[in-house]
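In what follows, a single structure is set out as structure tokens and then discussed.
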Amino acid sequence: MTMSPEQMIDFVDRLYAATGAGDWEAAADMLTDDFVAHEADSLPMAGAYRGRNALQELYAKVMGMCDVVALDRIETTVGGDYAVTILSLRFADPALAPAEICERFRFRGDKCCEIKPFYYDPAPFIAACKAKAAAI
């Protein structure tokens with residue numbers, strides 16, 4: 001079953017809500033068994049995170065590296081088997097610039113099989129990681 005554009009946008013909203021609330025069981029149910037989240041080599045959490053629990057693993061790693069206080073979703077657009085959400089990550093230290101990213105979701109049937117974030121500039125995220133490490 002292919003999702004309609006409206007269903008894809010609703011799916012992305014529900015997935016962000018589940019992960020934001022720490023409802024990892026609901027998040028895992030929305031992912032394929034062979035799900036993969038890719039993080040670029042230029043980021044401290046570089047690598048491929050695989051399986052239905054990959055988002056929980058990645059979330060824990062990222063939150064351990066930096067203090068994200070808000071994930072502002074600006075817009076989601078869809079086409080074919082893809083949705084892309086424009087985001088801004090705000091950090092606890094207001095002196096740190098937000099990280100501007102887009103996350104690309106790929107769907108297979110009624111589940112997500114891949115997420116690939118694209119950072120406009122990884123420097124703000126890396127600065128937030130360094131700030132947290134220096135505070136410890």
Side-chain angles (χ1 to χ4, degrees):
M1 165 192 137
T2 301
M3 288 191 274
S4 71
E6 295 79 12
Q7 289 171 317
M8 291 169 130
I9 291 170
D10 178 64
F11 182 103
V12 170
D13 289 345
R14 289 184 293 112
L15 185 58
Y16 279 122
T19 58
D23 188 349
W24 299 113
E25 184 176 335
D29 287 343
M30 300 173 78
L31 308 175
T32 60
D33 290 338
D34 63 345
F35 171 84
V36 60
H38 300 279
E39 292 287 355
D41 289 342
S42 59
L43 297 167
M45 67 287 202
Y49 298 80
R50 299 181 183 279
R52 292 182 58 218
N53 294 315
L55 286 182
Q56 183 177 9
E57 176 188 345
L58 180 56
Y59 187 93
K61 188 170 194 174
V62 168
M63 293 307 157
M65 292 178 165
C66 65
D67 292 321
V68 176
V69 294
L71 186 131
D72 300 319
R73 289 185 290 145
I74 297 162
E75 186 67 51
T76 299
T77 187
V78 299
D81 292 331
Y82 294 91
V84 176
T85 300
I86 303 166
L87 305 162
S88 178
L89 302 178
R90 285 187 284 135
F91 304 105
D93 182 346
L96 295 170
E100 296 179 24
I101 70 172
C102 290
E103 288 191 322
R104 186 189 76 192
F105 298 80
R106 185 164 55 102
F107 297 96
R108 188 180 322 121
D110 63 348
K111 296 190 184 260
C112 181
C113 62
E114 178 186 46
I115 297 175
K116 189 178 280 189
F118 294 87
Y119 284 71
Y120 168 71
D121 178 4
F125 185 84
I126 292 167
C129 292
K130 286 181 181 176
K132 182 166 183 171
I136 295 177

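- Of all the heavy atoms in L96 and A128, the pair that sits closest is CD1-CA, 3.7 Å.
- For the side chain to side chain contact (heavy atoms under 4.5 Å, CB included) with T76, the qualifying choice from I86, L87, I9 is I9, the only one to do so.
- Listed by chain and number, the residues in a side chain to side chain contact (heavy atoms under 4.5 Å, CB included) with T2 are D81 (sequence neighbours excluded).
- Scored by the side chain to side chain donor-acceptor pair (under 3.5 Å) test, K130 finds no partners at all (sequence neighbours excluded).
- Considering all non-hydrogen atoms of both residues, F91 and C66 come closest at CE2-SG, 4.0 Å.
- Using a 4.5 Å cut-off between side-chain heavy atoms of Ile, Leu, Val, Met, Phe, Trp and Tyr, with links allowed through other members, L55 and M63 fall into the same hydrophobic cluster.
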Could you walk me through whether Y120 and I101 pass the side-chain contact (heavy atoms from CB on, under 4.5 Å) test, one step at a time? CA-CA 6 Å; Y120 168 71; I101 70 172; over 6 Å; no
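- Listed by chain and number, the residues in a salt bridge (charged side-chain N to carboxylate O under 4.0 Å, His left out) with D121 amount to none (sequence neighbours excluded).
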Result block: side-chain N/O donor-acceptor pairs under 3.5 angstrom for residues 15-33, not counting sequence neighbours:
{"unit_1": "Y16", "atom_1": "OH", "unit_2": "E103", "atom_2": "OE1", "d": "2.5"}
{"unit_1": "T19", "atom_1": "OG1", "unit_2": "L15", "atom_2": "O", "d": "3.1"}
{"unit_1": "T19", "atom_1": "OG1", "unit_2": "Y16", "atom_2": "O", "d": "3.2"}
{"unit_1": "D23", "atom_1": "OD1", "unit_2": "A26", "atom_2": "N", "d": "3.1"}
{"unit_1": "D29", "atom_1": "OD1", "unit_2": "R52", "atom_2": "NH2", "d": "2.8"}
{"unit_1": "T32", "atom_1": "OG1", "unit_2": "D34", "atom_2": "OD1", "d": "2.8"}
{"unit_1": "T32", "atom_1": "OG1", "unit_2": "F35", "atom_2": "N", "d": "3.2"}

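- In this structure, the side chain of E57 does not engage the main chain of A54 through any donor-acceptor pair within 3.5 Å.
- Between M8 atom CE and D110 atom CG the span is 11.5 Å, to the nearest 0.5 Å.
- Using a 4.5 Å heavy-atom threshold, the side chains of D72 and R90 count as touching.
- The nearest pair of heavy atoms linking A92 to P94 is O-CD, 3.1 Å.
- Aromatic rings of Y82 and F105 (six-membered ring for Trp) have centroids beyond the 6.0 Å cut-off, not under it.
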Before you tell me yes or no, could you show the steps for Q7 and F11 under side-chain contact (heavy atoms from CB on, under 4.5 Å), namely the whole-Å CA-CA distance, both residues' side-chain angles and the distance that decides it to 0.1 Å? CA-CA 6 Å; Q7 289 171 317; F11 182 103; over 6 Å; no
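- In terms of the salt bridge (charged side-chain N to carboxylate O under 4.0 Å, His left out) criterion, residue partners of D10 (sequence neighbours excluded) are, by chain and number, R14.
- V84 is not connected to L89 by any chain of hydrophobic side-chain contacts under 4.5 Å among Ile, Leu, Val, Met, Phe, Trp and Tyr, and they are in different clusters.
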After noting the C-alpha distance and the side-chain angles of M45 and L58, does the key distance pass the side-chain contact (heavy atoms from CB on, under 4.5 Å) rule? CA-CA 8 Å; M45 67 287 202; L58 180 56; 4.0 Å; yes
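- Partners of E114 by side chain to side chain contact (heavy atoms under 4.5 Å, CB included), not counting sequence neighbours, listed by chain and number: V36, H38, R104, R106, K116.
- Taking CD of Q56 as the reference point, atom NZ of K61 lies at 14.5 Å (rounded to 0.5 Å).
- Among all heavy-atom pairs drawn from P44 and C129, the shortest one is CG-SG, 3.8 Å.
- Hydrophobic clustering (side-chain heavy atoms under 4.5 Å, transitive across Ile, Leu, Val, Met, Phe, Trp, Tyr) keeps Y119 apart from I126.
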Going through the distances and angles, do D13 and R73 end up as a salt bridge (charged side-chain N to carboxylate O under 4.0 Å, His left out)? CA-CA 9 Å; D13 289 345; R73 289 185 290 145; 2.6 Å; yes
